Amino acid sequence: MLGCWAHSRQNSNRLASSGGGGTASALGQGTWAGFYATTCPKAEFIVQSVVRAHFQSNPTVAPGLLRMHFHDCFVRGCDASILLDGAATEKTAGPNLLLRGFDVIDDAKQQLESACPGVVSCADILALAARDAVVLTGGRSWQVPTGRRDGTVSLASETSNLPGFVESVDVLKQKFAAKGFNTQDLVALVGGHTIGTSACQFFRYRLYNFTSTSGPDPTIDPAFLPQLQSLCPQNGDASRRVALDSGSIGQFDASFFTNLRNGRGVLESDQKLWTDASTKALVQRFSGGSKFNAEFGKAMVKMSNIEVKTCTDGEIRRVCSMVN
């Protein structure tokens, strides 16, 4: 009987001999596309069906699942540590308080446990759900490498390396580089904001008294400013959510980058991708559309393999919100 790493090596050789293509690009160390082909053949279909059902009743789960996967992978790798309940777990940290979609993951896990008990990890469910969310909003699909195992540790104190909405491009590049990403990966992944929203509290400072200037952020398009101010009055509801891509709300496309070129980025860190010389050309390139979809899928595969636990590391949780 082959051991875990032998299986991985055998699968790697099989993919290489097949001529590569999209499947080979979905291979990581100990993970590969189709990992559950024999142990739980309907795993991806079950996750897809659950995500679709939730999306049809509440489309906001799409950006929620995409963001949750990102926040999971940036802390302790893609090990579903974001899903664990507890007094000081990751989900209690400031950047994670507004995450949405936990019920989708729980629903998928429950159905998978009925079909294939103890087989499919919560980390894999989250990676698959993020891909399905993009497809449901009009984005291009990609093959998701699976075979991750779930972590047993989740600490709110470790979330400080999550990218922040006021950080400079240099700081963002450092944070992404620490996880193995290049600048193109960074810009492509930020493009996921095309289906995202933000609460007024995270950008309202740009509209009225930016850096104590008694005026708005000068990088905001003057024609766009009144629209944002009407959505987020100076003393209005700080929790009101506003689309990050005003060009095509809820649609996964490249209009997000066109907005940045036109001074219509909502978050300060997003708009800086256009004003910073090191990322400007990538924004311009992605605003054309075709390159963005392809590069986003590649960057998502890369992200989903950050510090993954495979073989005997970690566990397969029976319930995603608690360790076994």
Side-chain angles (χ1 to χ4, degrees), residues 21-28 31-37 40-73 78 80 82 99-109 111-112 120-148 185 187-197 243-245 247-257 286-305:
T23 306
S25 69
L27 177 70
T31 64
W32 60 84
F35 183 89
Y36 298 112
C40 192
K42 292 187 176 180
E44 295 198 24
F45 173 76
I46 290 172
V47 174
Q48 184 184 69
S49 298
V50 170
V51 173
R52 183 186 296 112
H54 281 266
F55 175 78
Q56 287 172 344
S57 60
N58 179 14
T60 67
V61 302
L65 291 168
L66 183 56
R67 184 165 180 251
M68 193 191 301
H69 180 44
F70 181 92
H71 282 220
D72 180 43
C73 293
C78 308
I82 188 66
L99 287 179
R100 305 185 301 282
F102 293 104
D103 55 331
V104 183
I105 304 301
D106 290 341
D107 189 359
K109 180 60 172 174
Q111 293 193 32
L112 285 164
V120 182
S121 69
C122 299
D124 278 345
I125 295 171
L126 188 45
L128 291 166
R131 185 269 312 275
D132 296 338
V134 169
V135 174
L136 282 166
T137 51
R140 188 186 302 175
S141 187
W142 64 89
Q143 288 188 307
V144 177
T146 43
R148 300 165 195 77
D185 298 326
V187 177
L189 289 171
V190 172
H193 284 170
T194 180
I195 57 170
T197 62
L244 295 176
D245 181 355
S248 57
I249 297 173
Q251 288 294 310
F252 196 96
D253 56 28
S255 70
F256 170 78
F257 295 105
F286 287 157
S287 65
S290 59
K291 296 288 186 183
F292 168 55
N293 264 297
E295 295 303 331
F296 183 80
K298 289 178 187 176
M300 286 294 288
V301 169
K302 198 170 178 179
M303 184 183 78
S304 73
N305 275 317

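This structure is a prediction, so every number in the text was calculated from the model and none was measured.
- Between atom CE of residue Met300 and atom SG of residue Cys73 there is a gap of 7.5 Å, rounded to the nearest 0.5 Å.
- With sequence neighbours left out, Ser248 forms a side-chain contact (heavy atoms from CB on, under 4.5 Å) with Asp245, Gln251, Asp253, Ser255.
- You'll find the ring centres of Phe286 and Phe256 outside the 6.0 Å limit.
- With Lys109 contributing its side chain and Val120 its backbone, the two residues share a donor-acceptor pair below 3.5 Å.
- Across every non-hydrogen atom of Thr31 and Gly147, the tightest pair is CG2-C, 4.0 Å.
- The CG atom of Leu244 lies 6.0 Å from the NE2 atom of His193; values are rounded to the nearest 0.5 Å.
- Counting heavy atoms from C-beta outward, Pro63 and Phe252 have side chains that stay 4.5 Å or more apart.
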Discussion item. Between Tyr36 and Ser121, is the side chain to side chain contact (heavy atoms under 4.5 Å, CB included) condition met? List the steps.
Written reply: CA-CA 11 Å; Tyr36 298 112; Ser121 69; 3.8 Å; yes

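- Distance CZ/Phe70 to SG/Cys78: 10.5 Å, rounded to 0.5 Å.
- For Phe35, the ring-ring contact (aromatic ring centres under 6.0 Å, His included) partners are Trp32, not counting sequence neighbours.
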Worksheet item: Are Phe257 and Thr194 close enough, and set up right, to give a side chain to side chain contact (heavy atoms under 4.5 Å, CB included), and what steps lead you there?
Response: CA-CA 8 Å; Phe257 295 105; Thr194 180; over 6 Å; no

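- Rounded to the nearest 0.5 angstrom, Phe102 CZ and Met68 CE are separated by 4.0 Å.
- Contact of the Pro145 side chain with the Asn305 side chain is registered, since non-hydrogen atoms from C-beta on lie closer than 4.5 Å.
- Residues passing the salt bridge (charged side-chain N to carboxylate O under 4.0 Å, His left out) test with Asp72: none are found, sequence neighbours excluded.
- Taking the side-chain hydrogen bond (donor to acceptor under 3.5 Å, both in side chains) definition, one finds that Asp103 meets it with nothing, sequence neighbours left out.
- Between the Arg100 side chain and the Leu65 main chain, no donor and acceptor come within less than 3.5 Å of each other.
- In this structure, the separation between NZ on Lys42 and CD on Gln111 is 12.0 Å, given to the nearest 0.5 Å.
- With sequence neighbours left out, the side-chain contact (heavy atoms from CB on, under 4.5 Å) criterion links Ala127 to His69, Val144, Arg148.
- Looking only at distances, no side-chain donor or acceptor of Asp124 sits under 3.5 Å from a matching main-chain atom of Thr146.
- By the 4.5 Å heavy-atom criterion applied to side chains, Ile82 and Leu126 are counted as neighbours.
- Applying the side-chain contact (heavy atoms from CB on, under 4.5 Å) rule to Ala62 yields the partners Phe55, Ala133, Thr137, Ile195; only residues at least two apart in sequence or on another chain are considered.
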Contacts table for residues 43-54: side-chain donor-acceptor under 3.5 angstrom, sequence neighbours left out:
from: Glu44; atom 1: OE1; to: Arg131; atom 2: NH2; distance (Å): 3.1
from: Ser49; atom 1: OG; to: Phe45; atom 2: O; distance (Å): 2.9
from: His54; atom 1: NE2; to: Asp107; atom 2: OD2; distance (Å): 2.9

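- The shortest non-hydrogen separation linking Asn293 to Arg140 is OD1-N, 3.2 Å.
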